[in-house]
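Throughout, numbering of the chain's residues begins at 1 and tracks the sequence. Just so we're clear, the structure is a prediction, and the values are computed from it rather than from any experiment.
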Amino acid sequence: QVQLVESGGGLVQPGGSLRLSCAASGFTFSNYALNWYRQAPGKGREFCARISSTGNIANYVDSVQGRITISRDNNKKTVFLQMNSLKAEDTDVYYCGACLRYTPNYWGRGTQVTVSS
């Protein structure tokens, strides 16, 4: 059974940090690139970051460049999203997706991030 389970979301003050995790099972994790997306209520899912299957290539959307770092541990079958200098507009549900090519074959259920004072 394929599973992607996100965790690490929560309430944080502006300027704070969070580290999201996405634990995978049920497929060959090291064969997949991993993407993080975010989605606000009533809006479409927005791409945030991507890491290659080996972890040596990472890409980011311009709006988060410099504030967010994606990483992965293939031994633990987990991908991470370190988010720093958080802003109110980063408040969203964050999803991870596992991709054999460019779009996810598998999705997690998301974790809520709320940035508020």
K.L.:
Flag yes if V113 and I68 sit in one hydrophobic cluster, no otherwise; membership is Ile, Leu, Val, Met, Phe, Trp, Tyr, and two members link when side-chain heavy atoms are under 4.5 Å apart.
P.N.:
yes
K.L.:
Starting from the C-alpha separation in whole Å, work towards a yes-or-no answer on side-chain contact (heavy atoms from CB on, under 4.5 Å) for C22 and V79.
P.N.:
CA-CA 5 Å; C22 174; V79 61; 3.4 Å; yes
K.L.:
In Å and rounded to the nearest 0.5 Å, what is the CG to SG distance from L4 to C96?
P.N.:
4.5 Å
K.L.:
What I want to find out is whether D90 reaches R67 closely enough, with some N-O distance under 4.0 Å, to be called a salt bridge.
P.N.:
yes
K.L.:
Answer yes or no: is there a donor N or O on one side and an acceptor on the other, between the side chain of S63 and the main chain of V61, under 3.5 Å?
P.N.:
no
K.L.:
Can you tell me how far apart OG (S52) and CD1 (I57) are? Round to the nearest 0.5 Å.
P.N.:
5.0 Å
K.L.:
Okay, side chain of Y60, backbone of I70: is any donor-acceptor separation there less than 3.5 Å?
P.N.:
yes
K.L.:
Is there a donor-acceptor contact under 3.5 Å from the side chain of T91 to the main chain of V115?
P.N.:
yes
K.L.:
Check whether any side-chain heavy atom of L34 lies under 4.5 Å from a side-chain heavy atom of R72, and answer yes or no.
P.N.:
yes
K.L.:
Assess R38 against Y95: is NZ or CZ under 6.0 Å from the centre of the six-membered ring, and within 45 degrees of the ring's axis?
P.N.:
no
K.L.:
Sort out for me which residue in T111, V12, L11, T114 forms a side chain to side chain contact (heavy atoms under 4.5 Å, CB included) with L18.
P.N.:
V12
K.L.:
Show your working on ring-ring contact (aromatic ring centres under 6.0 Å, His included) between Y37 and W107 and close with a plain yes or no.
P.N.:
CA-CA 10 Å; Y37 297 80; W107 286 97; 4.8 Å; yes
K.L.:
To the nearest 0.5 Å, what is the distance between CH2 on W36 and CE on M83?
P.N.:
8.0 Å
K.L.:
Between Y32 and F27, how do the two ring planes meet: parallel, tilted or perpendicular, split at 30° and 60°?
P.N.:
perpendicular
K.L.:
If you take all heavy atoms of P14 and S117, which pair is closest and at what distance?
P.N.:
CD-N, 3.7 Å
K.L.:
Check for a donor-acceptor pair, side chain of E6 on one end and backbone N or O of R109 on the other, with a separation under 3.5 Å.
P.N.:
yes
K.L.:
Using a 3.5 Å distance criterion without hydrogens, assess whether the side chain of D92 forms a donor-acceptor pair with backbone atoms of A40.
P.N.:
yes
K.L.:
Decide whether N84 and S17 meet the rule of one side-chain donor and one side-chain acceptor closer than 3.5 Å.
P.N.:
yes
K.L.:
Nearest 0.5 Å, what's the CZ-OG distance between F80 and S21?
P.N.:
5.0 Å
K.L.:
As an exercise, state the distance from OH of Y94 to CG of L20, rounded to the nearest 0.5 Å.
P.N.:
7.5 Å
K.L.:
Hey, quick one: are L81 and V5 part of the same hydrophobic cluster, counting side-chain heavy atoms closer than 4.5 Å, chains of contacts allowed?
P.N.:
no
K.L.:
Rounded at 0.5 Å granularity, tell me how far CZ in R50 sits from SG in C99.
P.N.:
5.0 Å
K.L.:
Does K76 offer a backbone N or O that forms a donor-acceptor pair with the side chain of D73 under 3.5 Å?
P.N.:
yes
